[in-house]
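Please read the structure below before turning to the comments.
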Amino acid sequence: MGVNEAAELQELKKIYRNLMKTWHPDKFHDNADGLAEAEHKSKEIIEAYHFLVSISPETRAQNFGEYTLTTTASALLDFEYKSQTLKVYFADGSAYEYFDVPKAAYVKLINSDSPGRFARRHIFNEYVYRNISSVTEVA
């Protein structure tokens, strides 16, 4: 979509609408090849939009109180790491995904005496994150 995680919601919405006007499948009902491409593109646009909204500064600010409560008061149940993305599952049922986490930070997390304390000091407020517990519930 040509934006970064600092894009404001209004900007995201405008770009999303313009892209969907261009790639909406209803515009390609006479062209089978174009329709297939439009369906694929529109799915990618929708996924990108939802992802960018979930990590936008406005969304994170809106949910900061809940996030802070979870990361300070709830114990870590589990975590997994894949392709510089760290997923953390908490005892209160919340789950968050952290992006661009270096493998070295993950290795330190799993080798620390207290992964919860390490994560509070070096992960939770250092990397772009999004709440995935609501994403998981919908899916």
Side-chain angles (χ1 to χ4, degrees):
M1 290 182 67
V3 297
N4 63 24
E5 72 269 1
E8 293 189 14
L9 290 177
Q10 278 302 102
E11 179 185 1
L12 290 175
K13 193 175 199 178
K14 182 179 178 182
I15 292 169
Y16 167 75
R17 285 183 174 171
N18 288 334
L19 287 170
M20 286 307 292
K21 284 179 188 175
T22 303
W23 288 103
H24 198 282
D26 288 350
K27 292 180 73 174
F28 296 88
H29 65 281
D30 294 336
N31 177 350
D33 292 336
L35 178 63
E37 183 181 3
E39 287 175 347
H40 178 72
K41 283 277 197 185
S42 64
K43 286 179 185 176
E44 285 182 341
I45 293 165
I46 291 168
E47 288 176 14
Y49 175 71
H50 287 288
F51 174 76
L52 290 168
V53 166
S54 73
I55 66 167
S56 76
E58 293 165 68
T59 302
R60 288 187 293 174
Q62 221 173 26
N63 300 320
F64 188 71
E66 177 186 334
Y67 176 74
T68 302
L69 181 63
T70 295
T71 58
T72 57
S74 188
L76 279 107
L77 284 183
D78 196 12
F79 46 85
E80 56 190 68
Y81 182 80
K82 183 178 179 183
S83 302
Q84 291 193 311
T85 301
L86 176 66
K87 293 181 182 177
V88 179
Y89 303 92
F90 293 91
D92 70 356
S94 298
Y96 288 89
E97 205 170 39
Y98 298 86
F99 302 99
D100 296 326
V101 177
K103 188 169 186 170
Y106 174 68
V107 170
K108 289 179 181 179
L109 172 69
I110 60 175
N111 290 324
S112 68
D113 292 335
S114 173
R117 183 175 55 215
F118 180 86
R120 278 189 290 283
R121 291 180 178 171
H122 304 287
I123 304 285
F124 296 156
N125 295 312
E126 297 296 320
Y127 300 99
V128 174
Y129 64 88
R130 72 173 176 161
N131 183 329
I132 58 170
S133 47
S134 58
V135 173
T136 306
E137 290 168 8
V138 172

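Owing to the predicted nature of the structure, the values given are computational and were not obtained by experimental measurement.
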Distance, nearest 0.5 Å, that separates [atom1] of [X] from [atom2] of [Y]:
| X | Y | atom1 | atom2 | result |
| --- | --- | --- | --- | --- |
| H122 | Y127 | NE2 | OH | 9.5 Å |
| Y81 | L109 | OH | CG | 10.5 Å |
| I123 | K108 | CD1 | NZ | 10.0 Å |
| T85 | E80 | OG1 | CD | 10.0 Å |
| N125 | Y98 | CG | OH | 8.0 Å |
| Q84 | L86 | CD | CG | 11.5 Å |

Side-chain polar contacts of residues 31-43 - donor-acceptor pairs under 3.5 angstrom, sequence neighbours left out - could you list them?
| residue | atom | partner | partner atom | Å |
| --- | --- | --- | --- | --- |
| N31 | OD1 | D33 | N | 3.2 |
| N31 | OD1 | G34 | N | 3.0 |
| H40 | NE2 | E44 | OE2 | 2.9 |
| S42 | OG | A38 | O | 3.0 |
| S42 | OG | E39 | O | 3.0 |

Exercise. Mind checking what makes ring-ring contact (aromatic ring centres under 6.0 Å, His included) contact with Y67, not counting sequence neighbours?
Worked result: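 Partners of Y67 by the ring-ring contact (aromatic ring centres under 6.0 Å, His included) criterion, ordered by chain and then number, come out as Y96, Y129.
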Which atom of [X] lies closest to which atom of [Y], heavy atoms considered:
| X | Y | answer |
| --- | --- | --- |
| L76 | G116 | CD1-CA, 2.9 Å |
| E66 | N131 | OE2-ND2, 3.8 Å |
| K21 | K27 | O-CD, 2.9 Å |
| V128 | R60 | CA-NH1, 3.9 Å |
| S56 | L12 | CB-CD1, 4.5 Å |
| S133 | G93 | CB-O, 3.7 Å |

For this session: Could I get the full list of side chain to side chain donor-acceptor pair (under 3.5 Å) partners for T71, not counting sequence neighbours?
Result: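 Counting only residues at least two positions away or on another chain, T71 forms no side chain to side chain donor-acceptor pair (under 3.5 Å).
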Exercise. Hey, is the main chain of I132 close enough, under 3.5 Å, to the side chain of E97 for a donor-acceptor pair?
Worked result: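 Between the backbone of I132 and the side chain of E97 there is no qualifying donor-acceptor contact (under 3.5 Å).
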Determine whether [X] and [Y] fall in the same hydrophobic cluster, where Ile, Leu, Val, Met, Phe, Trp and Tyr are linked whenever their side-chain heavy atoms lie under 4.5 Å apart.
| X | Y | value |
| --- | --- | --- |
| Y89 | F79 | no |
| F51 | L19 | yes |
| F118 | V107 | no |

For this session: Kindly determine whether F124 and F90 satisfy ring-ring contact (aromatic ring centres under 6.0 Å, His included), including the steps that lead there.
Result: CA-CA 12 Å; F124 296 156; F90 293 91; 5.6 Å; yes
Exercise. What do you reckon, is CZ of R121 surrounded by more than 12 foreign heavy atoms closer than 6.0 Å?
Worked result: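 Open.
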